[in-house]
Amino acid sequence: MMDVDVTDTRLRSRSGVPCVALLPRHMTSWAELVPLAQSLKSYGRVQPVIILASKKIAGREQELKDKGLDYLDVGEEFLQYTQKFDAEVSSGDAIDGNGLLQDIRLAVKYSFELNSEYVYAKNILAFLDAKVLILPGDRELSPVPAFIKAAKSLGIRSVVAATSIPYLEGVSVPRAGNRQFSVKRKDNAPILNQIMGACTRSQVRDTKHGVMLFSPGWRLLGLAISGMLAPNPWVQGGGKSDFILQHSSSKMELYKSLGCAPEKFVFLGDQTLDPVYRSIEDREPRRAKLLKALELNAEEPIFVMAVPNEAEHDLCTMSEHLSRQRYFWSVLASRTSNVILALHPKSKRSDYAELASEFGFKFSTLQLSEIIGVADVFICSCSTTSYWAMIAGVPVINWDYLDLDMSLFKGLPGVYQVVTPDQFEKLMHELDCKIQIDRVAMELQAKQLANEAMFDGQALKRICVFIDELAKSKGER
């Protein structure tokens, strides 16, 4: 077996304690899997080890050391298999689909890269003697497919533990109008896209933004050759994981409607809702502390904003993004300066500091989930964190300036959608009256969401018990 060449490590030796490997791929999943690792460590019956194998989370070893968490940094060695290939793709070789033979060549080369990742991932999991692999999803890009295949070959159960709300709009919007994902001849789709669309119908979806592939044809072919193609990538849990954690009966119905197998569901609650629950439980002291720390006006309502992040998701340039934000932020500032900004895990404070200073808005030092319960109004732009606000009974203003018209925000009490700054300004004048009218319906909605979501602040404890039991039953079915 190939040696595992470790760049950096912090591993405790705990004989007899099963190892649970966690594989964050980007900052969003980092924000969910690290707290889970902390809870598993406190639980004391398993040894959580975070595998650092993605360049998107590089350089975060000190944070894990500060939290006393074990980790294995194999990024430098692992990424040798993908960096050269990624550079070739980024150079434009695969961006437009230069021809069938070139795309096939790229797919074959990609399959070799994936198989190299698989061998190394298998050695990593064997080196750790992992009993459970915890994932951010099972339709992700490198290093996830290789680790899922490696886990299966070793009899290790894999669990998708990063929560999500299943809706096609969020997946289809970034792909809309991009030839890489087109599948129809009339749309000038690459020939390999057309072939893969005909051969792998589960990779094709007819969305309101058009018929499209989940991935470019060359990538689908490479994944298929390597035995790593997700059977249904349009929904988390539609890949080759064994389990997906669930927290809501209505959300499970959405997962099923998109093709996720119900036998994968493990209904334990949502770990990200635990801090939301606590923010409601101690709302008044937490609110008073925030008001004092951020020097906010205690006589005015608090607006909490999940700062939009279209630029971070490559939907526009940062310059375009900040220009759009200035329009909307100026309307908000004309009403109040009692605004707390919560950044997305992918966002950098430095990108928004000048704008925040211009309007007197304050950055939160706590996570959004820790302060959502103290808000009087929550502002976002088509963010699934609106669910946190709704379950907390907090009114939501959704800035839909990209005119996505997402079903997630339609027909719900206390959820107000605007497209233009003028519409936002009009809403701000009517907001108090609208909230007063919707107050009872919002409270009923919050109770209903709480009842169906096991909203009690204990989700992490239940998840720890489940993972412990899974680790002890490795190999059993």
Side-chain angles (χ1 to χ4, degrees), residues 4 6-12 14 17-75 78 120-138 140-152 154 156-164 236-237 239 241-245 266 268 270-272 274 345 459-471 474:
V4 173
V6 178
T7 303
D8 186 19
T9 182
R10 180 191 184 279
L11 291 175
R12 295 166 294 163
R14 295 187 61 189
V17 178
C19 172
V20 173
L22 299 96
L23 186 70
R25 191 180 77 85
H26 41 50
M27 287 308 301
T28 306
S29 55
W30 178 273
E32 294 195 36
L33 296 191
V34 170
L36 176 55
Q38 289 178 284
S39 293
L40 287 169
K41 179 190 173 188
S42 298
Y43 186 65
R45 298 184 184 181
V46 297
Q47 180 185 10
V49 177
I50 292 181
I51 299 174
L52 301 174
S54 170
K55 58 187 176 184
K56 292 185 177 181
I57 54 170
R60 307 197 69 85
E61 297 86 350
Q62 190 58 50
E63 180 181 340
L64 298 178
K65 290 177 182 177
D66 293 343
K67 295 179 185 298
L69 291 174
D70 292 352
Y71 65 89
L72 191 67
D73 183 0
V74 295
F78 192 86
Y120 202 68
K122 187 174 180 179
N123 290 339
I124 291 169
L125 294 177
F127 172 78
L128 291 174
D129 192 21
K131 309 302 181 186
V132 178
L133 174 64
I134 299 179
L135 302 163
D138 58 2
E140 312 285 328
L141 296 180
S142 177
V144 173
F147 271 90
I148 292 178
K149 182 177 180 180
K152 284 199 174 296
L154 295 169
I156 299 169
R157 306 287 192 89
S158 58
V159 181
V160 176
T163 57
S164 64
Q236 290 290 16
S241 62
D242 294 304
F243 302 101
I244 179 169
L245 301 185
V266 185
L268 299 170
D270 181 353
Q271 63 182 27
T272 66
D274 285 357
L460 268 174
K461 290 183 180 179
R462 288 189 290 270
I463 293 170
C464 287
V465 171
F466 167 71
I467 291 172
D468 175 37
E469 292 174 349
L470 201 60
K474 176 183 176 279

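By the 4.5 Å heavy-atom criterion applied to side chains, F147 and I124 are counted as neighbours. Put simply, the side chain of L125 reaches to within 4.5 Å of the side chain of I51, judged on heavy atoms. For the pair M27/I57, a side-chain contact is recorded, criterion being any heavy-atom separation below 4.5 Å from C-beta on. A 4.5 Å side-chain heavy-atom check between L52 and L64 finds at least one atom pair inside the cut-off. Counting only heavy atoms from C-beta outward, the side chains of D242 and L470 never approach each other to under 4.5 Å. K149 places none of its side-chain heavy atoms less than 4.5 Å from the side chain of K152. Between P24 and S54, the closest side-chain pair of non-hydrogen atoms is not below 4.5 Å.
If you take OG on S42 and NZ on K461, they are separated by 10.5 Å, rounding to the nearest 0.5 Å.
Q236 places a side-chain N or O within donor-acceptor distance of the main-chain N or O of D138, the cut-off being under 3.5 Å. Judged by distance alone, with hydrogens and angles left aside, the side-chain atoms of Q38 form no donor-acceptor pair with the main-chain N or O of K67 at under 3.5 Å. Between the D274 side chain and the L460 main chain, a donor and an acceptor come within less than 3.5 Å of each other.
Of all heavy-atom pairs spanning K131 and P18, the tightest one is CG-CB, 3.6 Å. Summarising the geometry of G68 relative to K41, their closest heavy-atom pair is O-NZ, 2.8 Å, with the distance given to 0.1 Å. When all heavy atoms are compared, the tightest approach of L33 to A161 is CD2-CB, 4.3 Å. Here the closest heavy-atom approach between residue R25 and residue S142 is recorded as CD-O, 3.4 Å. Taking both residues in full, the closest heavy atoms of D468 and R45 are given as OD2-CD, 3.5 Å, listed atom of the first, atom of the second, then distance. Listed here is the closest heavy atom pair of C19 and V49: SG-CG2, 3.8 Å.
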| side chain to side chain contact (heavy atoms under 4.5 Å, CB included) assessment of F127 paired with L72 | CA-CA 10 Å; F127 172 78; L72 191 67; 4.0 Å; yes
| request: Could you please spell out the steps behind the side chain to side chain contact (heavy atoms under 4.5 Å, CB included) verdict for W30 and E63? | output: CA-CA 11 Å; W30 178 273; E63 180 181 340; 3.2 Å; yes
| message | Could you go through I134 and L40, starting from their C-alpha distance and side-chain angles, then the distance that decides it, and tell me whether this counts as side chain to side chain contact (heavy atoms under 4.5 Å, CB included)? | response | CA-CA 12 Å; I134 299 179; L40 287 169; 4.1 Å; yes
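For the side-chain contact (heavy atoms from CB on, under 4.5 Å) test with V159, the passing option among L245, L135, V266 is L245; the others fail.
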